[in-house]
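In what follows, a structure is listed as structure tokens, so that the remarks can point back to it.
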Amino acid sequence: MKVKEVAKLVGISVRTLHHYDEIGLLIPDQLTESGYRVYSERNLEQLQQILFFRELGFPLKKIKEIVTSPDFDRLEALRLHEQMLVEKKRHIDMLLQTVAKTIQHAKGEVQMSHKEKFQGFDFSSNPYEQEARERWGDKAVDESNAKAAQMKKEGQMEKFQEDMNQLYVRLADLRHTDPASEAAQQSIGEWYRMLSQMGSYSPEAFKGLGQMYVDDQRFTKNIDQFGEGLAVFMRDAMAIYADRLQN
């Protein structure tokens, strides 16, 4: 199949396929004398694998590292995709139940406890771990994971998640105020101390994390579930807080 045919079949752009070729992620098995890319059945299988990884949030650099490894096992990878997608579906189903019940609550048909309002929100797992390792190194991420594991072992993780969700709610209530205000800085200071329970954050790293909340749409989407514009507000408040810590 030629590049335009593959793009139409899969629903991605020709430019994306060209990019995958340029970075060595998906190189067509054939190139015609006229310079046209021709994709084989094997290439289509590779592309499916790549898109599974993309759907699960893996960065292209990591996907290339995985699929080009001599130890890469396609069948094993497919089983892993299945497990991860089943877990993702379970999480989405839980959030859908919370949305449906919240609609009923808003219409006065049922009552919801504070705990029920945040059923399904889970920030204990980190789908951005690879990016974190690339930015801050393996040691920082490993230390954070170890602290999370210890908290879970001691039965503290559920309380930590509840506290985190409640802080998101309080920050969302402040998102239309000045991020430099005393209330905003006090709450973002709580956020800094909460994150510090899971890892060691320098002011610069804390500020960089806030910028990621806006630059990475996955972060923005998760955070803005608590209120549109919250990610931008947190970025600005975190930057101010970090600058004050450095000074």
Side-chain angles (χ1 to χ4, degrees), residues 1-100 120-138 141-142 144-145 148 209 212-225 231:
M1 298 180 71
K2 292 183 179 179
V3 65
K4 287 186 178 179
E5 295 173 312
V6 174
K8 184 177 180 181
L9 171 71
V10 178
I12 59 178
S13 68
V14 170
R15 180 70 194 97
T16 296
L17 290 170
H18 286 175
H19 180 61
Y20 288 175
D21 184 6
E22 290 164 3
I23 65 175
L25 179 59
L26 180 67
I27 302 173
D29 279 344
Q30 185 180 344
L31 196 66
T32 67
E33 292 182 359
S34 303
Y36 290 105
R37 296 170 170 85
V38 180
Y39 293 81
S40 66
E41 184 69 25
R42 186 184 72 86
N43 288 146
L44 293 181
E45 290 179 354
Q46 288 178 318
L47 179 57
Q48 184 201 49
Q49 192 73 73
I50 290 165
L51 296 180
F52 274 134
F53 278 117
R54 288 295 288 158
E55 182 66 28
L56 291 166
F58 283 71
L60 292 180
K61 181 179 178 180
K62 184 62 176 178
I63 297 174
K64 181 182 176 182
E65 179 184 321
I66 294 171
V67 300
T68 59
S69 169
D71 299 326
F72 178 69
D73 184 323
R74 179 170 177 261
L75 187 58
E76 182 181 346
L78 287 169
R79 291 192 182 114
L80 176 63
H81 291 319
E82 182 179 33
Q83 293 172 9
M84 294 176 74
L85 287 168
V86 166
E87 176 58 27
K88 186 176 182 180
K89 179 180 181 298
R90 185 199 65 78
H91 183 217
I92 291 173
D93 286 344
M94 190 177 296
L95 285 172
L96 285 170
Q97 290 175 16
T98 300
V99 169
F121 293 107
D122 182 4
F123 297 95
S124 61
S125 59
N126 184 4
Y128 319 110
E129 181 169 316
Q130 181 58 33
E131 287 103 321
R133 290 185 182 278
E134 291 173 359
R135 283 173 178 261
W136 297 304
D138 289 335
V141 176
D142 289 340
S144 178
N145 287 343
L209 180 64
M212 281 182 64
Y213 290 170
V214 176
D215 291 345
D216 191 317
Q217 288 303 304
R218 294 169 298 174
F219 271 106
T220 307
K221 183 179 179 181
N222 278 334
I223 293 171
D224 279 6
Q225 290 178 108

Legend entry - Distance (rounded to the nearest 0.5 Å) between D215 CG and T220 OG1: 8.0 Å
Legend entry - Side-chain donor or acceptor of N43 paired with backbone N/O of I27 under 3.5 Å: yes
Legend entry - Nearest heavy-atom neighbours spanning A231 and V214: O-CG2, 3.8 Å
Inset, instruction - Would you check if V6 and R37 make a side-chain contact, meaning some heavy-atom pair closer than 4.5 Å? - result: no
Legend entry - Between CD1 on residue I23 and NZ on residue K61, distance to nearest 0.5 Å: 11.5 Å
Inset, instruction - Answer yes or no: is there a side-chain heavy-atom contact under 4.5 Å between V3 and H18? - result: yes
Legend entry - Carboxylate-amine/guanidinium proximity below 4.0 Å for R79 and E76: no
Legend entry - Separation between CG of L9 and CE of M1, rounded to the nearest 0.5 Å: 5.0 Å
Legend entry - Backbone N/O of Y36 and side chain of S34: donor-acceptor pair under 3.5 Å: no
Legend entry - Closest contact, heavy atoms only, S13 versus A7: C-CB, 4.1 Å
Inset, instruction - Could you pull out all residues at least two apart from K89 that satisfy salt bridge (Lys or Arg N to Asp or Glu O under 4.0 Å)? - result: D93
Legend entry - Straight-line distance of I12 CD1 to L51 CG, nearest 0.5 Å: 5.5 Å
Legend entry - Closest non-hydrogen atom pair, L26 against Y39: CD2-CE2, 4.0 Å
Inset, instruction - Answer yes or no: does atom CD of E45 have more than 12 heavy-atom neighbours from other residues, nucleotides or ligands under 6.0 Å? - result: yes
Legend entry - Listed partners of Y20 passing ring-ring contact (aromatic ring centres under 6.0 Å, His included), at least two apart: none
Inset, instruction - Applying ring-ring contact (aromatic ring centres under 6.0 Å, His included), name anything that partners F53, two or more places apart in sequence or on another chain. - result: F58, H81
Legend entry - L60 side, atom CG; L25 side, atom CG - distance, nearest 0.5 Å: 6.0 Å
Legend entry - L85 CG to I92 CD1 distance, which is reported to the nearest 0.5 Å: 9.0 Å
Legend entry - Heavy atoms of other groups near F72 CZ, more than 12 under 6.0 Å: yes
Legend entry - Closest heavy-atom pair and its distance - A77, Q49: CB-NE2, 3.7 Å
Legend entry - Which atom of L95 lies closest to which atom of Q225, heavy atoms considered: CD1-OE1, 4.4 Å
Legend entry - Within 6.0 Å of CD in E5, more than 12 heavy atoms from elsewhere: yes
